[in-house]
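So the structure is just underneath, and the comments pick up after that.
Whatever order the structure lists ligands and atoms in, that order sets their numbers, starting from 1.
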Amino acid sequence: MAGECILIVEDEKDISNLISHNLKKAGFRVIPAFNGTAALSKAKESLPDLILLDLFLPDLEGTEVYKLFKQNPRTKDVPVIMVTAKGEEVDRIVGLELGADDYITKPFSVRELVLRVKAVLKRTRGEKEEKKEIVKVGNITIDKQGYKAWAGKGMVSLTATEFKLLLELMENPGKVMTRETLLNNVWGYSYEGYARTVDTHIRRLREKLGKAGDSIETVRGIGYCFRES
Ligand code: CA
């Protein structure tokens with residue numbers, strides 16, 4: 001994706017400029033921050049797609065800055081590549097233990113750095129897309145791609161219709177769904193008299209889900225509602 005924004009946290013201006021120049025050439029937007037405090041405020045402000053974090057900063061420890069990024073809900077999901085000096089094995093390990101997405105040691109080739117940035121962005125993009133395929137409400141999890149469902153940790157075997165019905169309810173949590181709406185959205189049609197079909201399927205679905213089936217609430221005279229229990 002062109003124009004993704006990289007926050008470069010690096011106090012050495014020459015290195016910062018060199019990285020900026022090369023990332024821009026590769027089509028990225030860059031924001032430089034020359035110390036930890038600036039990095040924290042700039043990250044919150046501009047919400048970068050990735051952070052390059054030098055561990056040796058004049059004001060705060062790089063690892064401290066990293067922890068603060070991860071504590072803030074706005075920046076906690078932004079991938080971080082830590083930059084350490086050559087031979088600082090301890091920092092490399094600390095960085096990975098903290099959960100950084102990658103690390104690179106100085107002196108590095110800019111070419112390698114750009115490749116690492118691209119690789120981490122690609123990987124996190126993939127993870128985000130994967131997440132969209134997983135719907136989790138309360139105790140029930142659904143894999144939309146794989147047509148799989150779990151109640152707690154146990155996999156539940158559902159028919160295609162039961163699967164679609166459960167998904168429809170889970171994608172509208174807290175909303176009362178009429179039998180007619182469910183028929184339209186799950187079966188693709190609705191006729192008078194088919195309302196019983198919905199009831200039958202809901203009953204089977206609840207049985208299969210066991211305790212988690214309590215999340216499907218009957219709204220008397222109207223339909224059903226999925227509640228996060
Ligand atoms: Ca430094």
Of all the N, O or S atoms in Asp11, which one sits nearest to the Ca ion (ligand 1)? OD1

Could you confirm whether Ile15 has any N/O/S atom lying under 3.0 Å from the Ca ion (ligand 1)? no

Identify, by name, the N, O or S atom of Asp54 lying closest to the Ca ion (ligand 1). OD2

Passing candidate, side chain to side chain contact (heavy atoms under 4.5 Å, CB included) with Ile19, options Leu113, Val117, Val114: Leu113

Do the rings of Trp187 and His201 sit parallel, tilted or perpendicular, given the 30° and 60° boundaries? perpendicular

Using a strict cut-off of less than 4.0 Å between a Lys/Arg side-chain nitrogen and an Asp/Glu carboxylate oxygen, indicate whether Asp54 and Lys106 qualify as a salt bridge. yes

Would you call Glu112-Arg116 a salt bridge at under 4.0 Å N-O? yes

